[in-house]
Amino acid sequence: MSAAQNPPIQTLSGVGKLTAERLEKLHLHTVQDLLFHLPSRYQDRSRLHSIAEAQIGQEIQLDAEILAVEFKGASKRRSLICTLGQAGSTRRISLRLFHFNPAQQAQLRRGTFIRCFGEVRRGFQGLELVHPEYQVINPENPPPVSEQLSPIYPSSEGLHQKLWQRLIGQAFQYPLEDLLAPYQDLFGDLPELAQAISYLHHPPVDINHAQMLSGKHPAQRRLALEELLAHQLSLALLKQQMQQHQAPCFENAGAYRQKLLKSLPFQLTRAQQRVVGDIETDLASQRPMQRLVQGDVGSGKTIVAALAALQALESGYQVAIMAPTELLAEQHRRNFEQWLAVLEMQPAWLVGSLTPKQKREALAALAEGESRLVIGTHALFQDKVQFQRLGLIIVDEQHRFGVHQRLALRDKASHSDERPHQLIMTATPIPRTLAMISYADLDVSVIDELPPGRKPVTTVVMPEDKREQLVERIAAVCAEGRQSYWVCPLIEESETLASQAAEEIYQYLSERLSHLRVGLVHGRLKAKEKDSIMQAFKAHELDLLVATTVIEVGVDVPNASLMIIENAERMGMAQLHQLRGRVGRGNIDSFCVLLYQAPLSQTGFRRLSTLRESQDGFYIAEQDLNLRGPGELLGTRQTGLVQLKIADLERDQDLLPQVGQLTRALLAEPDRAQILVQRWLAQGWHYGDAY
Ligand code: ADP
Ligand code: MG
């Protein structure tokens, strides 16, 4: 599309330098970007509610009389509370203002009628509307209700809803090409692009409100389809481009692998053998491997990675293994030291905490090819790092990286025309729907079997008020020389709140268990502090570790045999399962206690029961998918999954077959495909130059 048809955003009237900068921060640069800045939701002011209908969390509009006015709290932080009622009903709801001026105070008097619009919350005494929009009305002659749904745009400071409406209104004057027009018959029942976009920004009066509010209107589905397509397509394009590159071909006799296998005290499971086979084939071809290995906690992914590494080493190439934290990298280092010793080799080490001298030496050894296999953290992929002949990159616990980092990493790794192979390992089972959108660039292998002889972790579900009993339990476990975890999960996605909760529990447990060595680790600590506390726990310098979910990934302390998880009802099942995997790593009986805050919903009960009854991560993930849907299953924080603007993987699942068909069709039209991807993913899922 030419610049004349899609000019920069400053072209619009009302966009000065400051506004342009603010829009830029939201990745909005052109007029067309505005059209794709879709409302995140709608407000419905088309009807008046009765107080009796009010439900917590719902937005309502009501006409009511002020029955009483009172002030609560100390003079500086007084709030004004009006009790509202409606004729013919004894139900009440409160209007609460924390900030108010004398004019408002004079206006809100007993006997006055008002119309308000806001979200219903649970207050100190029943239902409340906190700072609703309101206007004084004449009950004899109330103003008409708005007939249209009002779009609410995702926004940031200084950008008001009115501004969005004005700017987007202007943007409609520029042409917009429907890139899917040639494929309309693949989704014939959905509207064309321009109409769909216009419906979303300006819902017509007679549109089906309920359908719009639930996101299932055909106009919304049309755009959801296009958005899902853009995501899948961007990764499919990546894969296509990647496949055009050469990769080193590791065809060798497998002497290294044989040596290592002989030295192991165990046999590979059948699942491990199968996955090792997949990787072997990939590495012996001339195309860069892009493989994701999924395997439950403890399924033995590390040895699979080691065998892949040996295949590359035997062909004379270098291998880089990257873990998300120093602690995890350290764990790999210990394993690889042992395994490589069989071949009279040693892993090199590259992490942020090296001294400048150590780092210089490590970098030189990599560049000269003296180091064959290096283990480290993100430090491995900084600009300064040069490899002599990098043939394979192994990334552990991928879900801590996410799509963006995955792409960045590929860029960093490409120093010559040849591309290294890439192996990604994750303990998080990824349902098919998610994989289609977020991992379309990867081939997937699954280790769906645990090594024999694992002791299951006995799991108990308890209400929170039984905490006292647990204190005794911890004392008993630690008296036997074992260790325990006490985990406080993220609440409302806030690490700050979680850290506070962890601090409180830490205080409480330190007092109650003053004879034990108690440690605290949470996300507000610096990485170094976190690691040193985790190390202390690992070295058994601590008996009990109070932690937020920062401990989630891969920490191996076989002596820990008890884990208590607070607010388990608020966490994803996959996440709970992973946390639980931190115990039961040795050969002792282990326990996991899931504490919940009563009352527990029926779904909540089923979820925790599933965990109590099953140890199978994939079964649990599937159940979770059934109970909660894929959107919530992994959570964007955990997966680094893309943020979708309008599509919802659960709600729009049925569109995926069409998305797949369209992806295949558009791969044959790379130019069209790239424009589409850019429209939706302007934030820079880059491709093309990256390779
Ligand atoms: P994860 O998949 O969680 O990374 P690890 O690779 O850390 O699991 O393996 C967990 C433990 O199981 C390690 O101590 C490892 O040596 C051991 N292990 C791996 N494969 C087998 C096997 N086939 N039989 C017995 N033990 C195994
Ligand atoms: Mg692991």
Side-chain angles (χ1 to χ4, degrees), residues 257-258 260-279 291-310 319 321-342 347 373 375-377 393-401 423-430 444-457 534 538 550-561 563 574-588 590 592 615-618 620-621 638:
R257 277 165 285 163
Q258 289 312 322
L260 173 60
L261 284 171
K262 267 202 207 119
S263 77
L264 290 178
F266 54 76
Q267 297 241 306
L268 295 188
T269 61
R270 285 226 307 276
Q272 283 171 316
Q273 286 174 21
R274 180 169 34 75
V275 174
V276 167
D278 291 346
I279 296 170
R291 189 167 289 279
L292 175 71
V293 171
Q294 293 184 40
D296 208 347
V297 180
S299 62
K301 293 183 289 293
T302 323
I303 187 70
V304 170
L307 290 164
L310 293 193
V319 177
I321 302 177
M322 180 159 99
T325 65
E326 281 202 32
L327 190 75
L328 286 167
E330 178 70 47
Q331 225 159 264
H332 285 317
R333 183 187 182 188
R334 238 169 279 135
N335 278 321
F336 277 85
E337 255 164 6
Q338 208 186 328
W339 292 333
L340 290 183
V342 180
L373 179 142
I375 298 173
T377 52
I393 300 170
I394 299 174
V395 181
D396 192 15
E397 307 291 5
Q398 140 76 12
H399 64 270
R400 292 283 290 260
F401 295 107
L423 180 66
I424 293 159
M425 300 188 291
T426 178
T428 313
I430 298 155
V444 180
S445 297
V446 181
I447 308 181
D448 50 5
E449 181 185 359
L450 289 184
R454 283 285 154 77
K455 282 202 171 175
V457 179
M534 296 301 305
K538 214 171 155 145
V550 293
I551 64 157
E552 193 186 322
V553 180
V555 186
D556 195 10
V557 184
N559 191 47
S561 67
M563 173 175 286
Q575 205 186 3
L576 284 170
H577 176 66
Q578 288 209 11
L579 274 172
R580 175 172 63 179
R582 304 301 122 218
V583 292
R585 301 214 133 200
N587 49 8
I588 39 175
S590 304
C592 176
Q615 307 270 330
D616 177 343
F618 283 81
I620 290 168
Q638 211 190 352

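Ligands are counted one by one from 1 in listed order, and the atoms in each one are counted from 1 as well. Heavy-atom basis, side chains included; hydrogens, waters and symmetry copies ignored.
A salt bridge links E330 with R333; the closest basic N to acidic carboxylate O contact falls under 4.0 Å.
Note that atom 20 (N) of ligand 1 has protein non-hydrogen atoms nearby, at separations under 4.0 angstrom. Of the protein's heavy atoms, none falls inside 4.0 Å of atom 13 (C) of ligand 1.
Residue-level proximity to ligand 1 for D296 is carried by the backbone, the only part with a heavy atom below 4.0 angstrom. Proximity of L268 to ligand 1, defined as any heavy-atom pair under 4.0 Å, is confined to the backbone N, CA, C and O atoms. With a heavy-atom cut-off of 4.0 Å, M425 does not touch ligand 1 at all.
For ligand 1, the atoms lying closer than 4.0 Å to a non-hydrogen atom of Q267 are 22 (C), 23 (N), 24 (N). Contact atoms of ligand 1 toward V297: 3 (O) (distance under 4.0 Å to a heavy atom of the residue). Residue-ligand proximity, T269 to ligand 1, at heavy-atom distances under 4.0 Å covers atoms 23 (N). Residue contact check: T302 has heavy atoms under 4.0 Å from atoms 4 (O), 5 (P), 6 (O), 7 (O) of ligand 1.
Side-chain contact, R274 with S445: no donor N or O sits under 3.5 Å from an acceptor N or O.
Among the atoms of G300, some N or O lies under 3.5 angstrom from an N or O of ligand 1. For ligand 1, the polar-atom distance check against F266 finds no nitrogen or oxygen pair separated by under 3.5 Å.
To the nearest 0.5 Å, the span separating CG on L310 from CG on L340 amounts to 6.5 Å. Within the model, atoms CG of L307 and CG of L264 stand 7.5 Å from one another, a figure rounded to the nearest 0.5 Å.
Remark: the backbone N or O of P456 is not paired with any side-chain donor or acceptor of Q615 at under 3.5 angstrom.
Here the closest heavy-atom approach between residue A329 and residue G376 is recorded as CB-O, 3.9 Å. A pairwise comparison of heavy atoms in Q273 and L268 identifies NE2-O, 3.3 Å as the closest pair.
The protein atom (non-hydrogen) at minimum distance from atom 17 (C) of ligand 1 is R454 NH2, 3.8 Å. With hydrogens left out, the protein atom closest to atom 3 (O) of ligand 1 is G298 N, 2.6 Å, a heavy atom. Among protein heavy atoms, atom 2 (O) of ligand 1 sits closest to K301 NZ, 2.8 Å.
Annotation: side chain of D396 is not in contact with side chain of I394 (no heavy-atom distance under 4.5 Å).
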| said: One pair to check against side chain to side chain contact (heavy atoms under 4.5 Å, CB included): Q331 and L328. What are the steps and the verdict? | reply: CA-CA 5 Å; Q331 225 159 264; L328 286 167; 4.1 Å; yes
| request: For K301 and T426, run side chain to side chain contact (heavy atoms under 4.5 Å, CB included): C-alpha distance rounded to whole Å, both residues' side-chain angles, the deciding distance at 0.1 Å, then the answer. | output: CA-CA 9 Å; K301 293 183 289 293; T426 178; over 6 Å; no
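Within the structure, ligand 1 has S299 among the residues with a heavy atom less than 4.0 angstrom away.
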